[in-house]
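Following: one structure in structure tokens, then a few remarks.
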Amino acid sequence: MPFLSIDQLEQGMILAADVTDTNGRLLLSRGQPIASKHLNIFKMWGVPEVQIQHAEGGDPEAGPTVDPEALRRVAQALQPVFADNDLAHPAVAEIFRQAVIHRSRRPVDPKPDRWAAPAGEAPSPAAGRDLRKKIRNRDIKLPEVPSLIFTLNDTIADPFSSADDIAQVISKSPGLSALLLRIVNSAFYGFPSRIDSVTRAVTIIGSKEVSALAVGITTMEIFKDIPKAVFDMQAFTHHSLACGVLARILAAGGNIRNTEQLFVSGLLHDIGRMVIFKYFPGQAGLMMSGASPGKSSLYDMEKAVLGFRHTDLAADLFEKWKFPVALSQNVVCHHRPLAAQDPAKAAIIHLSDIIAHSLGEGKSGEWRVPALDTTAWDKLRISPQTLSTIIPQALHHLGFLMTIFNGGD
């Protein structure tokens, strides 16, 4: 009996198996017909696909017809982008297939942007080590934690705080409140009725979940003024959102709890790179000019130019800001998930970053698709076949969220 992604379901279809949320709570029993309210519930709880008795809607993977020659050209162009990966691995093969289909339908140039290194400068690992030392000694100051995040963390930690207390903190920023409400009222959550206040959002979604969203949004705002000459932050936000959306849906598909924490971890996974762009633009230019086909990845160029990597900067920043250890670990270890306290959650961010790069959704400065840690993949309860429904679902939600983050409704 076929599986269909949530976006392919129609009212009246009959379930062939129980549908549960990430906590194992029954949402709808097998044998029951699917109604409109059930579609909203499935979306709200991050259910990626369900098994049905009759799939009168046709082939689950049906979509716009793509010219075979276009597929061939895109596949050929993507080969060097996947050079660090084993295309024979089932998960990599499916990601590659999805990337070819997606880029063929909405052409994305796999070639990197070109950056010119500042004249007269060359990579200096010794200088980079001194830079990290200065950062640790606070000679070079990292950005200060926004007062709203500090107050919000204190409020959450107070066992006597209420949903209204948390909402009052968030409501001190009208812009944050408005953006937060647009997100929770989007198709990403699929609530059947409109949520018209932050207090109601906290009550329905949960204090930790809403607070995590607020922290992620506020943190991204710190870096929005990076000059385009250094990096295109709209493209960077696009990549970060893609990673966050994929992380939330992959977590639900892998029956991993705290999906909002995974969304924010994905959103902030390259925060160290944002610090580099904002505070060390000269070094950023050197790094990106050295990352090219057949040579070094940007991840390796960070080590060559700075003496450390963006994940090390993320660790310094999260320690300074006193962020939750779980969120910090997801971000800091997304290139080496097995080193995390919870390898499965770090592996979700690792996989999300790989998929976002492969699809060409936004830019992080990296040209290559990062190598999949196959041992980390094995820790996830996700089948390669499931990616064929998770990836299109994530792309569907990404479009809505990009509109919201770019100031649309």
Side-chain angles (χ1 to χ4, degrees), residues 71-113 239-240 242-243 245-247 249-250 253-254 266 269-270 273 287-288 290-304 309-311 330-331 333-340 343-392 394-395:
L71 289 171
R72 187 195 64 77
R73 287 196 304 268
V74 171
Q76 185 176 22
L78 279 179
Q79 291 281 346
V81 179
F82 275 79
D84 293 335
N85 283 275
D86 177 11
L87 288 175
H89 187 279
V92 176
E94 181 58 33
I95 292 170
F96 183 82
R97 189 178 77 87
Q98 291 291 324
V100 170
I101 293 171
H102 177 61
R103 289 175 183 252
S104 297
R105 290 174 178 166
R106 191 180 66 81
V108 179
D109 187 359
K111 295 180 181 179
D113 288 339
H239 170 76
S240 300
C243 191
V245 172
L246 282 158
I249 297 176
L250 284 166
H269 75 289
D270 276 342
R273 202 161 274 170
M287 287 161 32
M288 291 186 288
S292 60
K295 295 183 180 179
S296 296
S297 66
L298 183 59
Y299 184 66
D300 290 335
M301 283 303 299
E302 290 172 353
K303 188 72 172 178
R309 294 189 169 98
H310 69 283
T311 48
N330 295 342
V331 172
C333 298
H334 76 272
H335 282 280
R336 46 187 186 91
L338 297 181
K345 287 185 177 180
I348 287 287
I349 308 304
H350 173 69
L351 180 59
S352 301
D353 187 35
I354 288 169
I355 295 174
H357 276 108
S358 72
L359 296 172
E361 289 293 332
K363 296 178 182 178
S364 72
E366 187 65 80
W367 185 76
R368 299 183 184 189
V369 172
L372 175 69
D373 185 325
T374 56
T375 305
W377 162 263
D378 292 340
K379 288 187 174 293
L380 299 175
R381 289 179 287 180
I382 299 172
S383 70
Q385 294 74 27
T386 305
L387 295 175
S388 66
T389 56
I390 287 176
I391 291 174
L395 288 167

Heavy-atom donor-acceptor pair, [X] side chain to [Y] backbone, under 3.5 Å:
X      : Y      : answer
Asn85  : Val369 : yes
His334 : Val331 : yes
Glu366 : Tyr299 : yes

Between [X] and [Y], what is the shortest heavy-atom contact and its length?
X      : Y      : value
Ala394 : Val245 : O-CG1, 3.6 Å
Trp367 : Val81  : O-CG1, 3.6 Å
Ala99  : Ser358 : CB-O, 3.3 Å
Ala371 : His350 : O-CE1, 3.2 Å
Asp353 : Cys243 : N-SG, 3.6 Å
Leu359 : His102 : O-CD2, 3.4 Å

Tell me, please, which residues at least two apart from [X] pass side chain to side chain contact (heavy atoms under 4.5 Å, CB included).
X      : value
Ala93  : none
Ala339 : Cys333, Arg336
Ala376 : Pro337, Leu338, Ala347, Asp373
Pro392 : Gln98

Does the pair Ile355 and Ile390 meet the rule for a side-chain contact (heavy atoms from CB on, under 4.5 Å), with working shown?
CA-CA 11 Å; Ile355 295 174; Ile390 287 176; over 6 Å; no

Consider side chain to side chain contact (heavy atoms under 4.5 Å, CB included). Of Ile348, Ile391, Ile349, Leu380, which one does Leu250 pass it with?
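Testing each of Ile348, Ile391, Ile349, Leu380 against Leu250, the sole residue satisfying side chain to side chain contact (heavy atoms under 4.5 Å, CB included) is Ile348.
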
Out of curiosity, [X] [atom1] to [Y] [atom2], how far, rounded to the nearest 0.5 Å?
X      : Y      : atom1 : atom2 : answer
Ile249 : Ile382 : CD1   : CD1   : 11.0 Å
Glu361 : Arg103 : CD    : CZ    : 9.0 Å
Met301 : Met288 : CE    : CE    : 11.0 Å
Leu87  : Leu78  : CG    : CG    : 9.5 Å
Arg273 : Arg309 : CZ    : CZ    : 10.5 Å
His89  : Leu372 : NE2   : CG    : 5.5 Å

Please evaluate residues Phe96 and Gln79 with respect to the criterion side-chain contact (heavy atoms from CB on, under 4.5 Å), reporting the C-alpha separation (whole Å), side-chain torsions for both, the decisive distance (0.1 Å), and the verdict.
CA-CA 9 Å; Phe96 183 82; Gln79 291 281 346; 4.0 Å; yes

Could you check if a side-chain atom of Val92 sits within less than 4.5 angstrom of a side-chain atom of Trp377, using non-hydrogen atoms only?
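Val92 does not reach Trp377 side chain to side chain.
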
Which residue pairs satisfy the salt bridge (charged side-chain N to carboxylate O under 4.0 Å, His left out) criterion with at least one member in residues 74-92, sequence neighbours excluded?
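Those involving residues 74-92 are Asp84-Arg368.
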
With Arg73, which residues qualify under side-chain hydrogen bond (donor to acceptor under 3.5 Å, both in side chains), at least two apart?
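None.
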
Looking at residues at least two apart in the chain, or sitting in another chain, which of them share a side-chain hydrogen bond (donor to acceptor under 3.5 Å, both in side chains) with Thr386?
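Testing Thr386 for side-chain hydrogen bond (donor to acceptor under 3.5 Å, both in side chains), a comparison that skips the adjacent residues, returns Ser383.
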
Under the ring pair (Phe, Tyr, Trp, His ring centres under 6.0 Å) test, which residues partner His239, sequence neighbours left out?
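Partners of His239 under the ring pair (Phe, Tyr, Trp, His ring centres under 6.0 Å) test: His269, His357.
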
Can you list everything that forms a salt bridge (charged side-chain N to carboxylate O under 4.0 Å, His left out) with Arg72? Sequence neighbours excluded, please.
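Arg72: salt bridge (charged side-chain N to carboxylate O under 4.0 Å, His left out) contacts with Glu69.
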
